[in-house]
Number of protein chains: 2
Amino acid sequence: MVDEQDKLRATARAEVLKALAHPTRVYIVDLISREGPHCVCELTDRIGADTSTVSRHLSLLKSAGLLFDRKEGTTVYYDLTCDCIADFMSGLESVLRARHKRAQAAFSAAVGKD
Amino acid sequence: MVDEQDKLRATARAEVLKALAHPTRVYIVDLISREGPHCVCELTDRIGADTSTVSRHLSLLKSAGLLFDRKEGTTVYYDLTCDCIADFMSGLESVLRARHKRAQAAFSAAVGKD
DNA sequence: CCATTGTTTGCATAATTTGCCAAGGATGCC
DNA sequence: GGCATCCTTGGCAAATTATGCAAACAATGG
C-alpha cells in the first residue's frame with residue numbers, strides 16, 4: 001500500500017467487513033433484514049448465547065454503523081441503518097453460489113478425468 | 001442459533017467475510033477487480049510487505065474461493081474467480097456511503113441544536 | 001549451475017477476538 | 001421503597017490472527 005489514500009480506503013472497508021465477519025453477527029443482520037427490528041432479549045433467545053455476548057455483538061455492529069437502536073421502556077430494539085446492507089448481504093449470497101458451483105465443477109472434473 | 005441449518009449458513013457467510021476482512025486483502029481484491037490479474041511480485045511491490053506475508057494473504061483468499069491462480073513461467077497471476085466479487089465490493093461501497101451520510105447528518109444535528 | 005519467482009514452515013511477538021461472570025445502570029410495576 | 005426485567009460494561013482467561021524474518025523448497029528459464 002504505497003499510496004496512503006488507498007490504505008485508508010482499504011481500512012475503512014475492512015472495518016465494515018470485520019464487523020460482519022462472525023457467524024452470530026451475520027445471523028443477527030440476516031434476521032433483522034428479513035423480519036425487521038428485534039430486541040436484545042429475542043435475539044438472545046434465538047442465538048442461544050449469553051445476553052452480554054449478544055449485547056457486545058450488537059454494540060459492535062452499531063459502532064460499525066450497520067445498526068441503530070431505539071429504546072422503548074426497558075427494551076432496546078435494533079434495526080438496520082440502511083437497506084443497502086441487506087442488498088450487500090444478497091451480493092454475498094451470489095458469491096457463495098458461484099463458489100459452490102465452482103467447487104462442483106472442480107469435483108466433476110476430478111472424477112471424470114481419465 | 002437454535003436452528004442448526006441457520007448456523008451453518010451463517011458460518012459459511014462469515015468465512016467469506018472473514019477472508020475479506022483485512023485491509024491488505026481488501027486492497028488486493030480491489031486492485032485485481034479494477035486492473036485485472038496481478039502477479040505476486042507486483043502485488044508485493046504495491047503493498048510494501050514481505051513476500052511471504054503477501055503470499056499468505058493470497059493463499060487465504062484462494063482458500064476462501066475468491067481468487068484463483070495461473071502460472072506462466074515462473075510468475076503466478078491471481079485473478080477473481082467471479083465478477084460477482086467485484087459487484088459485492090461495490091455493494092460495500094454503498095454501505096460506506098450511507099454510513100458517511102448518516103454520520104454527517106448526526107453531526108449537523110448535533111451542531112445545529114439549540 | 002544459477003537466478004528468479006513463489007510457497008511453505010517454524011518461530012516469536014503482538015494484537016485482536018470471543019465469551020462468560022459479575023457488577024452496574026435504567027425503567028417499570030406494585 | 002422494594003423488586004423484577006432488560007441491557008450494558010468491566011474484568012479476565014482462552015483462542016485466534018497478523019506479521020516479519022529466516023530458511024528451506026519447488027519450478028522455470030537462461
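In this text, all values refer to a predicted model and were calculated from it rather than measured experimentally. By convention in this document, chain letters (A, B, ...) are assigned in the order of the sequence lines, proteins followed by strands, and residues within each chain are numbered from 1.
- We find that CG of B:L61 is positioned 11 Å from P of D:dA18, with the value rounded to whole Å.
- The interatomic distance linking B:R70 (CZ) with C:dG6 (C1') rounds to 15 Å, in whole Å.
- When rounded to the nearest whole Å, the span between CG of B:L20 and C1' of D:dT17 equals 16 Å.
- Proximity of a side-chain donor or acceptor of A:S55 to a complementary backbone N or O of A:T51 within less than 3.5 Å is not detected.
- The distance between atom CG of A:D69 and atom P of D:dC7, rounded to the nearest whole Å, is 11 Å.
- Contact annotation: B:R56 does not reach the phosphate of C:dG6 (side-chain N/O to OP1 or OP2, under 4.0 Å).
- The side chain of B:S55 sits closest to C:dT8 out of C:dT8, D:dT9, D:dG20.
- Proximity of A:T53 to the phosphate of C:dC20: a side-chain N or O atom is located under 4.0 Å from OP1 or OP2.
- Using cut-offs of 30° and 60° on the angle between ring planes, the pair B:F88 and A:F88 is parallel.
- Per the geometry, CG belonging to B:L60 stands 19 Å off P belonging to C:dG6, to the nearest Å.
- Nearest nucleotide to the side chain of A:T75, out of D:dA18, C:dT17, D:dC7: D:dC7.
- In this structure, the side chain of B:R25 engages the main chain of B:A19 through a donor-acceptor pair within 3.5 Å.
- Side-chain atoms of A:R25 lie closest to C:dT18 of the nucleotides C:dT7, C:dT5, C:dT18.
- Here A:R46 does not pair with B:D6 in a salt bridge; the nearest charged N to carboxylate O distance is not below 4.0 Å.
- Listed pair A:Y77 / D:dC7 fails the phosphate criterion, with no side-chain N or O lying under 4.0 Å from OP1 or OP2.
- Comparing D:dA22, C:dC20, C:dA26 by their closest approach to the side chain of A:D50 singles out C:dC20.
- For the pair A:K18 and C:dT16, the criterion of a side-chain N or O lying under 4.0 Å from OP1 or OP2 is not met.
- The ring of B:F68 has its center no closer than 6.0 angstrom to the ring center of B:Y78.
- Of the two residues contacting DNA chain C, namely A:H22 and A:G73, the nearest-nucleotide position lying further toward the 5' end is that of A:H22.
- Checked by atom type and distance alone, the side chain of B:H38 pairs as donor or acceptor with a backbone atom of B:G36 at under 3.5 Å.
- Residue contacts for A:T51: at a heavy-atom cut-off of 4.0 Å it reaches a base atom on one of the strands shown.
- The nucleotide whose nearest atom lies closest to any side-chain atom of A:V40 is, among D:dC7, C:dT16, D:dT28, D:dC7.
- Protein atom NE2 of A:H38 is 16 Å distant from nucleotide atom P of D:dC6, rounded to whole Å.
- The distance from atom NZ of A:K71 to atom C1' of C:dG28 is 12 Å, rounded to the nearest whole Å.
- Among the protein residues, A:S52 comes within range of the nucleic acid bases, having at least one heavy atom under 4.0 Å from a base atom.
- Atom pair B:I28:CD1 and C:dG6:C1' shows a separation of 14 Å (rounding to whole Å applied).
- In terms of phosphate contacts, B:H57 brings no side-chain nitrogen or oxygen within less than 4.0 Å of OP1 or OP2 of D:dG20.
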